[in-house]
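First comes the structure, then the notes that go with it.
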Amino acid sequence: LGELLPEVVAEVCERHPDADVAIAGSPDATVFASHRLRAALVELGVNACEHAGETPTVRYAVRTDPVDDTVEIAVTDDGPGLPAMERRVIEGGVETPTSHGQGLGLWLVYWVVTAVGGRLAATVYAGPTVPVRLPHGDRRPPSRADVCSAGSVGFNSSPPVGDGGR
């Protein structure tokens, strides 16, 4: 994350020059993630800037959780928070014809994070914060291919194509 987060912050600042966007904490953690993580983190920052007023403050706070061997990137802003329908997209990836998010951005974030075994916390919405939890970089969660091949052919230990690496 030490190389990725400064790039994310720079892109969000370029798109929203009046925003105060920064990294809080040490971004030196390594995560198992797809190359699409950058787009997901930019989307969260841009979304925060667009809904937090004229001069938004956005923080990407990084912390490692040794208990469940994850790294959390909490994206926080000083806006009003996510509407209930948008929270449902993040919390469970579920929409219906009458209850759905307003765009594709949060869906992108949901699918990028869950595709590598990560999760978006459902309980930390005290204020406008979206915590993204990803597997620590020294641990690769099983992919769908691993699960399918483990039953009949043997465990496939190679990284899934297109799903990431360090």
Side-chain angles (χ1 to χ4, degrees), residues 1-66 68-93 95 100-139 141 159 162-166:
L1 293 174
E3 293 176 19
L4 177 68
L5 280 179
E7 292 174 4
V8 166
V9 168
E11 184 171 338
V12 174
C13 287
E14 183 177 307
R15 292 166 73 175
H16 292 277
D18 291 335
D20 174 13
V21 184
I23 301 167
S26 173
D28 294 333
T30 302
V31 297
F32 180 84
S34 161
H35 63 280
R36 295 173 184 92
L37 178 60
R38 183 179 197 275
L41 293 175
V42 167
E43 176 59 34
L44 287 174
V46 166
N47 189 59
C49 288
E50 290 174 354
H51 298 285
E54 276 186 44
T55 56
T57 299
V58 178
R59 294 292 177 262
Y60 289 87
V62 180
R63 104 184 152 81
T64 302
D65 186 342
D68 65 357
D69 200 26
T70 61
V71 175
E72 180 180 271
I73 306 161
V75 183
T76 305
D77 66 71
D78 55 355
L82 291 169
M85 285 189 294
E86 302 296 336
R87 281 197 313 267
R88 282 193 286 277
V89 169
I90 285 179
E91 292 168 353
E95 288 188 317
H100 53 82
Q102 296 178 356
L104 295 176
L106 293 177
W107 272 109
L108 166 85
V109 172
Y110 176 82
W111 288 112
V112 166
V113 171
T114 59
V116 295
R119 64 189 185 277
L120 299 169
T123 58
V124 187
Y125 289 102
T129 300
V130 177
V132 175
R133 284 189 173 259
L134 296 165
H136 195 271
D138 61 359
R139 166 174 88 82
D163 268 355
R166 292 177 197 198

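Bear in mind that the values here come from a model prediction, so they are computed numbers and not experimental data. Sequential numbering from 1 along the given sequence is applied to the chain's residues.
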| remark: Output for pair (R119 CZ, L134 CG), nearest 0.5 Å, gives 9.5 Å
| query | Looking only at atom types and distance, does a side-chain atom of Y60 sit under 3.5 Å from a main-chain N or O of G45, one as donor and one as acceptor? | reply | yes
| request: For side-chain contact (heavy atoms from CB on, under 4.5 Å), just list the numbers for V31 and L37, CA-CA rounded to whole Å, side-chain angles, deciding distance to a tenth of an Å, and then say yes or no. | output: CA-CA 10 Å; V31 297; L37 178 60; 4.1 Å; yes
| Just wondering, do D65 and E72 contact through their side chains at under 4.5 Å, heavy atoms? | no
| Do V113 and Y110 touch side chain to side chain, with heavy atoms closer than 4.5 Å? | no
| Residues forming a side chain to side chain contact (heavy atoms under 4.5 Å, CB included) with A48, sequence neighbours excluded | V58, D77
| query | Going from CG on D28 to OG1 on T64, what distance comes out if it is rounded to the nearest 0.5 angstrom? | reply | 9.5 Å
| Donor-acceptor contact present, side-chain R59 to main-chain D20, <3.5 Å | yes
| Roughly how far apart are E11 CD and H16 NE2, rounded to 0.5 Å? | 10.0 Å
| query | To the nearest 0.5 Å, what is the distance between CZ (R36) and CD (E43)? | reply | 15.5 Å
| field | Distance (rounded to the nearest 0.5 Å) between L44 CG and L108 CG | value | 8.5 Å
| Could you give the distance from CD1 (I73) to CD1 (I23), rounded to the nearest 0.5 Å? | 10.0 Å
| field | Test item: D78 and P56 side chains (from C-beta on) under 4.5 Å apart, heavy atoms | value | yes
| query | Which atom names give the shortest non-hydrogen contact between V42 and V12, and what distance separates them? | reply | O-CG2, 3.9 Å
| message | For a quick test of reading the model, state the closest non-hydrogen atom pair linking A40 to V109 and the distance between them. | response | O-CG2, 3.4 Å
